[in-house]
Amino acid sequence: MTNPATSGVELPEMDLLRKFDVPAPRYTSYPTADRFNASFGAEDYRKALAGRADAKEPADLSLYVHVPFCNDVCFYCGCNKIVTRDHSRSAEYIEMIGREADLVKEAVTGSTELEQLHFGGGTPTFLTNDELTLMMETLTKRFPLAQGGEFSIEVDPRTCDADKVKHLHDLGLNRMSLGVQDFNPDVQKAVNRIQPFEMTKATMEAARENGFESINMDLIYGLPKQNRGTFEKTIDQVLELSPDRIALYHYAHLPNHFKPQRRILPADLPDTVEKVNIMFDAIKRLTANGYRYIGMDHFAKETDELSVAQKEGSLQRNFQGYSTKAECDMIALGVSSISKIGSAYACNPRELEDYYAAIREGRLATNRGYLLNADDEMRRYVIMTIMCNFELRKRDVEERFGIKFDETFAYELGKMKPYVKHELVELYDDRLVVSAKGKIFVRAVAMHFDRYLRESTRAGGYSRIA
């Protein structure tokens, strides 16, 4: 049988999409972040950091830094951000990142060399070149960069000219993700993000000239003023630029949750059928032009590390989406950031004042989190394997966790019957396979193995699949 991870994706019929298009978690963690609670605090995080060296197989280390500042607000955005042009605020923030890094460094055991580093936001390129230099020096004094590691940054071309691109590479960064969303001027105006095609092209050309090894481009479908025709032209321009990876996100209009979205007129949004067709059109075009469908909303060229990781079975999911290095411990610094150390998740406060207060008091800022039990560990493995590989081998689970798969997961296997009936999932004596047609629904499949979702009456506020 063809490995599902290499067999491409098949688009389902519209009636199947209506039937299985349900709200579902994105599974950047398990349990999902809405299950984290205040009973897990700073001391629990400290214990997790101190226990790294005691692991049977010590994990490589990854570092995430959240930079919350933006010059302007994009109306669609649901990220934790601070809109300002005052760089005294970013200077103070860098100082606090350094102090938090010291607190972590005091507690952590095991190797402190970084295999991965990622700056997210907000807008990391809000920082000036001098601020970026200070930030990198602040971090690498405590956590040196490993030879051959992956060091990436989220880039807004409106705040990242060719000079800054060169500076980023000189600092040691070797991968970038460009925010684009849509090249259509009417769509850009409707979401308050004016970003001409030539501006993005200049940033990408500078990245290639300076030796960036992988370039991702973020797109969003379902935005105001968008339709199949306009987005087809955007895809034409994306293919012209030929990024190594593409993330095609679904816009969820939730103005009650995200205040900037109230500036978007509901009448300007494409209807459900149009939105689904925009997604289908984009998937067809991208997969016909050399991009592998990695899963959910991610695509990568066959030669890109993301595709290679999936072929080799080392793909993982974390709070940044799909990633190439399996089982890294992740230290996360900054406001609202979430760390994953072994069996522990540790989350910092969403409000800047709360984060600063903890750091000034000389304590880790963790205000909620979660410590996985044995059942959680097993289900995390099952869910992440399905999400990354589209296939789950029963023996792998049985040997790893000492259970009989069909007995332990009898309820979950029963929930697969509708998916099997509609040829979205294939069940065999030794494995579960998400079919090419079922790949679009992979998180709906995975969520049936989520004990907390089954036992909870909370909807969780999850976005729909399409």
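Along the sequence shown, residues carry numbers from 1. Just so we're clear, the structure is a prediction, and the values are computed from it rather than from any experiment.
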Answer yes or no for R317 and Y322: cation-pi contact, defined as NZ/CZ to six-membered ring centre under 6.0 Å and angle to ring axis within 45°. yes
Would you please test H167 and T133 for side-chain hydrogen bond (donor to acceptor under 3.5 Å, both in side chains) and show each step? CA-CA 9 Å; H167 189 70; T133 298; 2.7 Å; yes
Does N367 form a side-chain hydrogen bond (donor to acceptor under 3.5 Å, both in side chains) with Y355? I'd like the steps, not just the answer. CA-CA 9 Å; N367 68 345; Y355 168 69; over 6 Å; no
Using 30° and 60° as the class boundaries, would you call the ring planes of F299 and Y293 parallel, tilted or perpendicular? perpendicular
Option from T234, N184, D182, D268 for which side chain to side chain donor-acceptor pair (under 3.5 Å) with Q226 holds: D182
Minimal heavy-atom distance between T200 and L241, with the atoms involved, is CG2-CD1, 4.1 Å
Any salt bridge between R228 and E232, counting N to O under 4.0 Å? no
Salt-bridged, D156 to R193, with N to O below 4.0 Å? yes
Sole residue of E150, R175, E312, E305 in side chain to side chain donor-acceptor pair (under 3.5 Å) with T324: E150
Taking R142 first and then D102, would you say they form a salt bridge - that is, a charged N and a carboxylate O separated by under 4.0 Å? yes
Start with the C-alpha distance between E131 and S90, add both sets of side-chain angles, then the distance that settles side-chain hydrogen bond (donor to acceptor under 3.5 Å, both in side chains), and finish with yes or no. CA-CA 8 Å; E131 288 175 326; S90 49; 2.7 Å; yes
Atom pair CD1 (I383) and CD (E412), whose distance is rounded to the nearest 0.5 Å: 9.0 Å
Are the aromatic ring centres of Y251 and Y76 under 6.0 angstrom apart? no
For the pair K141 and E137, find out whether any cationic side-chain nitrogen is under 4.0 Å from an anionic carboxylate oxygen. no
Check step by step if salt bridge (Lys or Arg N to Asp or Glu O under 4.0 Å) holds for R26 and D297. CA-CA 10 Å; R26 297 178 60 82; D297 32 39; 2.6 Å; yes
Under 4.0 Å between a side-chain nitrogen and a carboxylate oxygen: does that hold for D170 and K166? yes
Can you tell me which residue pairs pass the ring pair (Phe, Tyr, Trp, His ring centres under 6.0 Å) test with a partner in residues 88-111, sequence neighbours excluded? F69-Y93
From M135 atom CE to T140 atom OG1, the distance as rounded to the nearest 0.5 Å: 11.5 Å
Mind running side-chain hydrogen bond (donor to acceptor under 3.5 Å, both in side chains) on T203 and D161 for me, showing each step along the way? CA-CA 6 Å; T203 301; D161 59 14; over 6 Å; no
Could you check whether any side-chain heavy atom of R208 comes within less than 4.5 Å of a side-chain heavy atom of S242, counting everything from C-beta outward? yes
Could you give the distance from CG (D304) to OG (S214), rounded to the nearest 0.5 Å? 4.0 Å
Indicate, with yes or no, if the rings of F197 and F183 have centres closer together than 6.0 Å. yes
May I ask you to check if K439 and F390 form a cation-pi contact, with NZ or CZ under 6.0 angstrom from the six-membered ring centre and within 45° of the axis? yes
With side-chain contact (heavy atoms from CB on, under 4.5 Å) as the criterion, how do R379 and L372 come out once you've worked through the C-alpha distance, each side chain's angles and the decisive distance to 0.1 Å? CA-CA 10 Å; R379 291 176 185 275; L372 278 70; over 6 Å; no
When rounded to the nearest 0.5 Å, the distance separating SG of C160 from CZ of F126 is 14.0 Å
State, with a plain yes or no, whether a side-chain heavy atom of I246 is found less than 4.5 Å away from one of L219. yes
Could you give all pairs that pass the salt bridge (charged side-chain N to carboxylate O under 4.0 Å, His left out) test and reach residues 360-373, with sequence neighbours left out? E92-R360, E361-R363
Going by the rule side chain to side chain donor-acceptor pair (under 3.5 Å), which residues pair with Y64 if we only count those two or more places apart in sequence or in a different chain? H66
Would the distance check show the side chain of T32 and the main-chain N or O of P25 forming a donor-acceptor pair, the cut-off being under 3.5 Å? no
Test item: R245 and K301 side chains (from C-beta on) under 4.5 Å apart, heavy atoms: no
Atom pair CE/OH of M330 and Y345 - distance to nearest 0.5 Å: 10.5 Å
